[in-house]
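Dumping the structure here so I can ask a few things about it.
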Amino acid sequence: MTVAQDDLFGSLFEHRDRRIDRLGNPLLELDAQVDWEAFRPLLDQVRHKVRKSSAGRKPWDGVLMFKALVIASLYNLSDEQLEFQIEDRRSFQRFIGLSDAKHAPDRNSFWLFRESLKELKLTETLFNEFNRQLDRAGLIARKGQLIDASFVKAPVQRNTPDENARIKAGETVEDWSVSKRSQKDTDARWTKKGDKSYYGYKNHVNVDNAHKLVRKYTVTDASVHDSQTLNGLLDSGNTSRDLWADSAYRSEAVEEQLKVQGYRSRIHRKGVRGKPLTDREKQGNSTRSKTRCRVEHVFAWMAQWGGKAIRCIGLARAEVRIGFMNLVYNMRRFCAIRRVTCVLMAPSGAEKASS
């Protein structure tokens with residue numbers, strides 16, 4: 001290719017990039033607002049091996065791989081689709097910092113990188129690192145905390161009743177071959193809410209009332225009751241002691257526990273058999289709902305963008321996938337807050353004219 005041709009294609013790429021940016025490239029904003037280099041010390045731990053020689057392909061850059069997994073979570077892509085989409089989409093290549101001359105990492109590289117995050121238990125550490133960025137940006141947890149949980153579906157397992165009973169008892173199903181056992185999720189569980197059954201896991205979150213950012217999270221199988229994770233979700237760093245949650249969290253033991261720790265319970269009241277809620281209590285629940293509903297906005301965003309289902313086997317891998325859901329939500333929410341702040345701080349037309 002001649003120099004003239006190279007310049008021509010380069011200018012065409014630049015023109016196309018500018019057009020994509022004008023149309024509203026969400027990755028451009030994400031790349032600009034998040035301090036990606038702050039994650040590098042943590043990501044350098046991933047697949048860190050002493051090289052015996054300089055032969056062979058060098059490992060992929062940790063930040064590049066991390067940003068690729070952010071794309072996968074944001075657009076709910078499998079590793080196979082992530083490889084294809086990065087090869088195919090210029091905006092993805094720009095976001096992860098892949099030069100025009102390089103091919104995208106293959107699907108196995110993404111899988112191994114995610115496995116390393118699982119083994120090193122780095123997902124929550126990366127999540128906490130970004131929360132420190134939020135604090136430094138002035139977005140500290142304020143105005144109370146909202147506690148809730150949402151189902152995250154996993155591929156349904158077709159087991160016999162006897163196999164399910166042994167799995168729940170924590171026993172190994174001896175009849176399964178090694179290959180079959182590797183494809184069986186023995187951590188996910190069935191549960192029922194109302195008339196609907198769910199299979200998979202739960203994403204338990206603590207969202208601050210001021211900014212609708214996830215401050216803490218816990219991942220469990222779907223059968224774990226919401227209230228069992230409450231103590232681990234409490235955020236002592238929130239500037240307010242108010243706490244909102246739905247009626248699933250309410251019990252005498254929980255109310256006493258919150259009182260001892262200095263929290264003001266705004267948990268919905270619930271009626272019991274023979275003692276329905278009074279009109280006053282119903283009105284109280286309605287008032288609380290006006291604040292508590294903000295946590296539902298978080299789950300709605302996750303369902304709209306990345307979906308509320310995962311394609312993996314086992315609790316440890318589910319923790320990585322769901323942890324990225326929460327992390328990517330916070331990144332996008334941070335960008336939205338910064339965007340609104342810039343608009344509010346921009347001078348109006350009248351001020352510009354007077355100046």
Side-chain angles (χ1 to χ4, degrees), residues 121 123-125 127-128 131-132 134-135 139-152 168 187 189 191-194 198 200-278 280-299 315 318-319 322-323 325-326 329-330:
K121 300 185 183 300
T123 309
E124 190 170 0
T125 309
F127 176 86
N128 292 333
N131 273 1
R132 283 190 284 273
L134 296 175
D135 290 342
L139 300 178
I140 61 173
R142 298 189 299 111
K143 295 187 178 181
Q145 44 202 303
L146 317 171
I147 310 293
D148 205 358
S150 178
F151 293 113
V152 180
K168 288 180 181 178
D187 295 329
R189 291 290 184 271
T191 192
K192 199 166 186 178
K193 184 175 182 181
Y198 297 88
Y201 298 92
K202 267 186 183 179
N203 182 18
H204 307 261
V205 300
N206 177 321
V207 173
D208 78 288
N209 185 27
H211 307 296
K212 281 200 297 191
L213 290 160
V214 179
R215 300 297 177 169
K216 283 189 172 186
Y217 74 91
T218 301
V219 179
T220 68
D221 67 73
S223 67
V224 174
H225 194 270
D226 295 356
S227 62
Q228 293 181 27
T229 63
L230 177 61
N231 195 48
L233 290 173
L234 297 177
D235 181 13
S236 59
N238 197 298
T239 60
S240 172
R241 306 304 287 175
D242 291 325
L243 183 146
W244 285 266
D246 62 33
S247 59
Y249 293 87
R250 193 172 189 93
S251 69
E252 291 183 6
V254 167
E255 292 299 304
E256 183 61 29
Q257 172 192 343
L258 294 176
K259 185 177 180 181
V260 169
Q261 296 184 54
Y263 290 100
R264 289 186 291 271
S265 174
R266 303 286 187 255
I267 300 176
H268 283 219
R269 296 184 178 275
K270 58 182 176 182
V272 295
R273 183 177 297 178
K275 191 179 179 182
L277 293 177
T278 64
R280 181 185 177 88
E281 289 171 332
K282 290 178 182 179
Q283 180 58 47
N285 281 353
S286 179
T287 302
R288 296 183 186 98
S289 291
K290 293 176 183 179
T291 300
R292 196 202 67 82
C293 69
R294 290 171 64 79
V295 71
E296 302 293 350
H297 302 165
V298 176
F299 293 132
L315 178 61
E319 288 175 339
I322 296 172
M325 285 183 188
N326 295 325
Y329 165 78
N330 272 4

Candidate pair Val205 and Val298, rule side-chain contact (heavy atoms from CB on, under 4.5 Å), full reasoning: CA-CA 10 Å; Val205 300; Val298 176; 5.6 Å; no

Do the side chains of Asp135 and Arg215 get close enough for a salt bridge, i.e. N-O under 4.0 angstrom? yes

Looking only at heavy atoms, what is the nearest atom pair of Lys270 and Leu277, with distance? C-CD2, 3.6 Å

Closest heavy-atom contact between His204 and Ala149? ND1-CB, 3.5 Å

Measure the shortest side-chain to side-chain distance between Val224 and Arg189 over non-hydrogen atoms and say whether it is less than 4.5 angstrom. no

Would you call Asp242-Arg266 a salt bridge at under 4.0 Å N-O? yes

When you compare the side chain of Ile267 with that of Leu243, does any pair of heavy atoms fall below 4.5 Å? yes

On a heavy-atom basis, the closest approach of Leu233 and Asn206 is O-ND2, 2.7 Å

For Tyr263, give me all partners under ring-ring contact (aromatic ring centres under 6.0 Å, His included), at least two apart in sequence or on another chain. none

Check the pair Glu319 / Tyr201 against side-chain contact (heavy atoms from CB on, under 4.5 Å), numbers first and verdict last. CA-CA 9 Å; Glu319 288 175 339; Tyr201 298 92; over 6 Å; no

Looking only at atom types and distance, does a side-chain atom of Lys212 sit under 3.5 Å from a main-chain N or O of His297, one as donor and one as acceptor? no

Do the side chain of Asp226 and the main chain of Tyr249 share a donor and acceptor less than 3.5 angstrom apart? no

Euclidean distance, Ile140 CD1 relative to Leu213 CG, rounded to 0.5 Å: 12.0 Å

Heavy-atom distance under 4.5 Å between the side chains of Arg250 and Ser265, does that happen here? yes

Can you find a heavy atom in the side chain of Arg269 that is under 4.5 Å from one in the side chain of Arg288? yes

What's the spacing between Leu234 CG and Thr229 OG1 if we round to 0.5 Å? 9.5 Å

Distance check, rounded to the nearest 0.5 Å: Ser286 atom OG versus His268 atom NE2? 8.5 Å

How far does OG1 of Thr220 sit from CG of Asp187, to the nearest 0.5 angstrom? 11.5 Å

Using a 3.5 Å distance criterion without hydrogens, assess whether the side chain of Ser289 forms a donor-acceptor pair with backbone atoms of Asn285. yes

Can Asp208 and Asn238 be counted as having a side-chain donor-acceptor contact under 3.5 angstrom? no

Could you state the interatomic distance from CG (Leu146) to CH2 (Trp244), rounded to the nearest 0.5 Å? 7.0 Å

Asn209 side-chain N/O to Lys143 backbone N/O, donor-acceptor pair under 3.5 Å: yes

Locate the shortest heavy-atom distance separating Asn330 from Phe127; write the atom from each residue and the value. ND2-CE1, 3.6 Å

Do the ring planes of Phe151 and Tyr198 sit parallel (below 30°), tilted (30 to 60°) or perpendicular (above 60°)? parallel

Could you measure the distance from the CD atom of Gln257 to the OG atom of Ser251? Nearest 0.5 Å is fine. 8.5 Å

Is the shortest side-chain heavy-atom distance between Arg264 and Ser240 below 4.5 Å? yes

Under the 3.5 angstrom rule, does the side chain of Glu281 hit a backbone N or O of Thr278 as a donor-acceptor pair? yes

